[in-house]
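A, B, ... follow the sequence lines: proteins, then strands. Residue 1 opens every chain.
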Number of protein chains: 2
Amino acid sequence: MSHCSHPAALLPEASECLRRDARKITGPRRSILEILHRHSHPMTSKEIFAQMPKGGCNLATVYRSLHLLESIGLVKRYDFGDNIARFELKASGDDGHHHHLICTRCSTVVKVETCFPPEWEKQIARENGYQKVTHRLEFFGVCPRCATQNGEVC
Amino acid sequence: MSHCSHPAALLPEASECLRRDARKITGPRRSILEILHRHSHPMTSKEIFAQMPKGGCNLATVYRSLHLLESIGLVKRYDFGDNIARFELKASGDDGHHHHLICTRCSTVVKVETCFPPEWEKQIARENGYQKVTHRLEFFGVCPRCATQNGEVC
DNA sequence: TTTATAATTGCAAATCATTTGCAATTGGAG
DNA sequence: CTCCAATTGCAAATGATTTGCAATTATAAA
Ligand SMILES: [Mn+2]
Ligand SMILES: [Mn+2]
Ligand SMILES: [Zn+2]
Ligand SMILES: [Zn+2]
């Protein structure tokens, strides 16, 4: 929701990632990065599409761009179980691994820093003969606002 | 994969659940319960459909039946992030809450008993003003078999 | 700056899992 | 055995996402 770091600082870094893979820095990609930068919570392709500046681009382009940005590690994909992919910009240096608490009423999302105990995860890997194990973890509940206006949606 | 309890013991219990809600015990529903009973891992609607005995039923009926069985608490739905719902029979008494370790190569699924620390979850709820919080947690990695035959799929 | 060309885009049609409307069928209470 | 709400088959509708293809464009090289 807020823009912490300077937006301009993002482009050079992204450019580098793109160039490294012989990809182009296009209008749609630039816009998507800016949009993700100013909304610091997971956004769906449609939400991003709706935020595109005048002229915009085709929705298919948003999908393709997000794929690319994800593949080169600039963006992280999240799945909240509603069959709609959501994307967040990864902070440079950050591996983007964190979790969320989602309101099942109004879909409000809060970042959760707590992670599943790494030791436990290693144990699970060991027990099953897996070399490396990762996880997907999201929390669900009814946010205080929705809990108040009981019955209604935020 | 194995049939632990007596399959016959399942029906009376299911019947009770269904009757309690003025629902009928039909062929398709009986078949689905039996299929889920003998495969003790999460199954997709298509997989269940493919296991239907001769005569079978329409795929739409499988979807509708699974919905119903889920709504009356006989079946639990899981989401492994591939946009295909999977279902497991709940052991009576069990709330069905557990997790899985999924091979990203061959999709083999192993049940994981370890759960996210309840105290930590309560803390997350408290911190955010939520009354009650649940979670969805799945583990991913490459199973030992797939790790060996590197490159190929099980 | 101009050129050459691989990458990108718009558009429409295709996918894929899942849902739904509706008419025909059926389980099971009375 | 009767009756009727619950169920089912079928085909069409959904909704997110993907894809084929021809037209457009970013950009490295000349
Ligand atoms: Mn986040
Ligand atoms: Mn399981
Ligand atoms: Zn809410
Ligand atoms: Zn495997």
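A close approach under 4.0 Å does occur between a side-chain nitrogen or oxygen of A/R29 and OP1 or OP2 of C/dT9. Between B/Y63 and the phosphate of C/dT19, there is no side-chain N or O to OP1/OP2 separation shorter than 4.0 Å. Between B/T26 and the phosphate of D/dT7, there is no side-chain N or O to OP1/OP2 separation shorter than 4.0 Å.
Within the 4.0 angstrom heavy-atom criterion, base atoms lie near B/R64. At the heavy-atom level, A/A85 lies under 4.0 Å from the strands shown only through sugar-phosphate atoms.
Atom NE2 of A/H67 is separated from atom C1' of D/dT19 by 12 Å (rounded to the nearest Å). Between A/M52 atom CE and C/dT9 atom P the separation is 9 Å, expressed in whole Å. Following rounding to the nearest Å, B/K24 (NZ) and D/dT8 (P) show an atom-to-atom distance of 9 Å. Look at CD1 on B/I25: it is 12 Å from P on D/dT8, rounded to the nearest Å. Here C/dG28 presents its P atom at 13 Å from CD of B/E16, a figure rounded to the nearest Å. In this structure, A/F87 atom CZ and D/dA16 atom P are separated by 13 Å, rounded to whole Å. Atom CG of A/L66 and atom C1' of D/dT17 are 12 Å apart (whole Å). One interatomic measurement links the two molecules: CZ of B/R77 to P of C/dT18, which rounds to 8 Å at whole-angstrom precision.
When atom types are taken as modelled, the side chain of B/N128 and the backbone of B/Y130 share no donor-acceptor pair closer than 3.5 angstrom. Judged by distance alone, the side chain of A/E16 and the main-chain N or O of A/E13 form no donor-acceptor pair under 3.5 Å.
When each of B/R30 and A/S65 is assigned the nucleotide of DNA chain C with its nearest heavy atom, A/S65 is the one assigned upstream, toward the 5' end. For the pair A/R23 and B/T44, nearest-nucleotide mapping onto DNA chain C gives the more 5' position to A/R23.
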Pair B/H135, B/E121 - check side chain to side chain donor-acceptor pair (under 3.5 Å), show working. CA-CA 8 Å; B/H135 62 267; B/E121 183 168 82; 2.5 Å; yes
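Out of C/dC11, C/dT18, D/dC10, the shortest distance to the side chain of B/L59 is found at C/dT18. Of the listed nucleotides (D/dT7, C/dA17, D/dT17), D/dT7 has the atom at the smallest distance from the side chain of B/L68.
Taking the six-membered ring wherever Trp is involved, the centroid distance between the rings of B/H100 and B/F80 falls below 6.0 Å. Note: B/H97 and B/F116 fail the aromatic proximity criterion, with ring centroids not under 6.0 Å apart.
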